[in-house]
Amino acid sequence: MAKKIGLVLGSGVARGLSHIGVLKVLDKNKINVDFITGTSIGALIGAIYASGVSAKEIEEIALNIDKIKTLTLFTPTISHSGLIDGNKIIKFIESIIDRQNISDLNIPFAAIATDIMTGEEVVITKGSLLHTLRASISIPGIFTPANYNGKFLVDGGLVNPVPVSVALNMSADILIAVNVIPSPQKKAQNIKMKEETRKTPIKRISSEMVNIRLSKFLSPLKSIVNINELLKKKTPTPNVFNIILHTIAIAEYQIAALQLAKYKPDFLIAPSVEFIKPIEFFRAEEAIAAGEKAITKILPKIKKRLKE
C-alpha cells in the first residue's frame with residue numbers, strides 16, 4: 001500500500017514563495033501529496049495547489065508579480081484595525097482559485113488562523129475557502145482582522161507558524177514540513193551578502209495560465225496606481241510594514257523552534273531565504289530556487305522512505 005504524504009507549509013510572507021519550489025520538485029518526481037496543512041502564505045499556496053493548480057502554474061503566476069503589482073496588493077486603506085482591508089488580495093486569490101469551499105479541493109486541506117480576542121489557535125477544515133484564506137493571511141497591524149463565524153481571526157503564524165501539530169492528526173504516513181522563518185541572527189549575517197552578489201535579472205514570463213486566470217485582475221492595475229510616482233520611491237513598501245513584519249517574524253521564529261522540537265516531522269525543509277524581505281514578492285524567482293535547492297538535498301531520503 002502506498003504511503004500517504006502530509007505536507008506542512010509554514011508562514012513567512014514573501015519568503016513563503018519558496019514553498020512553490022518544494023512543490024515543483026515533488027511534482028517533477030511524481031510524489032503525490034495526500035494532505036496539506038498551511039499557515040498564512042503556506043495556507044495560500046497550499047490551497048491553490050490543493051485546488052488543482054500545478055506547481056509550475058503557480059510559479060508562472062508568482063513570476064509575474066513585480067514591484068508595481070506588489071505595491072498595488074499592499075496599498076494602505078484607512079481603517080482603525082489595520083493598514084490594509086485585504087480586498088485586493090482576496091480578488092487576486094479569487095482570480096486564481098475557482099473553488100468555493102474547502103470541501104471542493106482535490107486534496108484534504110487545513111488552514112491555521114488565530115482568534116485575536118482569545119489568542120486561541122483556530123484550525124479551519126471546512127467552509128468558504130476565500131474567507132478561510134483571508135483569515136489565515138491577516139497579519140495583525142497590517143491587515144484588518146477577518147470576521148469568520150463571529151470570531152475575529154488573524155494570521156495563524158502567531159500561534160502555529162509551522163503547523164506540524166495539526167498535520168499529525170491527518171493520518172499521514174510521512175510528514176514533510178517547510179519552515180521559511182530564518183533566525184534573526186542568520187538574517188542579519190546574510191542579507192547584505194546576498195543583495196550585493198545578486199546579478200541575475202528577475203525572469204518574467206507570459207503564459208496561457210497567467211493570461212486566462214489573471215487577465216481580469218492584472219490588466220486594470222496601471223489605472224489603479226500612479227506608476228511614475230511609485231517608481232520614484234526607493235523602497236517598495238512603507239517602512240511601517242517591515243517594522244511590523246520583522247517584529248512578528250522574531251516571535252514566530254521562537255514559536256516555530258519550540259513547536260518543531262515538540263512535534264517533529266519526518267522531514268524538515270528550511271530554504272535559505274533570509275535575504276528576502278517580508279514584502280518582496282517580486283523576488284519569486286530566487287525564493288522558488290531556494291525551495292527547490294532545499295528539498296533536492298533530502299529528496300533521496302524521501303524516496304527511500306517511500307519504498308520502505
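Because the structure is predicted, anything quoted here is derived from the model rather than measured. The basis for the numbers below is simple: all heavy atoms, side chains too, and nothing from hydrogens, waters or symmetry mates.
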(Q) Looking at D173 and K4, would you say the former's side chain and the latter's main chain have a donor-acceptor pair under 3.5 Å? (A) yes
Q. Got K304 and E308 here, is their nearest side-chain heavy-atom distance under 4.5 Å?
A. yes
Q.
Any salt bridge linking E94 with K91? Criterion: basic side-chain nitrogen under 4.0 Å from a carboxylate oxygen.
A. no
Q.
Is it the case that over 12 heavy atoms from other parts of the model lie below 6.0 angstrom from the NZ atom of K3?
A. yes
(Q) So does V8 get a backbone contact from the side chain of T37, meaning a donor-acceptor N/O pair under 3.5 Å? (A) no
Q | Residue pair T296 / V25: nearest heavy atoms and the distance that separates them | A | OG1-CG2, 4.0 Å
Q. Just by modelled atom types, is the M117 backbone N or O under 3.5 Å from a matching donor or acceptor in the D115 side chain?
A. yes
Q.
Assigning hydrophobic clusters by single linkage (Ile, Leu, Val, Met, Phe, Trp, Tyr; side-chain heavy-atom cutoff under 4.5 Å), is I139 placed with L17?
A. yes
**Q.** Shortest non-hydrogen contact from R134 toward P145
**A.** NH2-O, 4.1 Å
(Q) Keeping N29 on the side-chain end and L26 on the backbone end, is there a donor-acceptor pair under 3.5 Å? (A) no
Q. Between the side chains of D27 and Y49, is a donor N or O closer than 3.5 angstrom to an acceptor N or O?
A. yes
(Q) I'd like to know if I302 and I174 are part of one continuous hydrophobic network [Ile/Leu/Val/Met/Phe/Trp/Tyr, side-chain heavy atoms within less than 4.5 Å]. (A) yes
Q. Has the side chain of R15 got a donor or acceptor atom that lies under 3.5 Å from a matching backbone atom of I276?
A. yes
(Q) Quick one: does any side-chain atom of S40 pair with a main-chain N or O of S11 as donor and acceptor, under 3.5 Å? (A) no
(Q) Has Q259 got a side-chain atom pairing as donor or acceptor with V159's backbone, closer than 3.5 angstrom? (A) yes
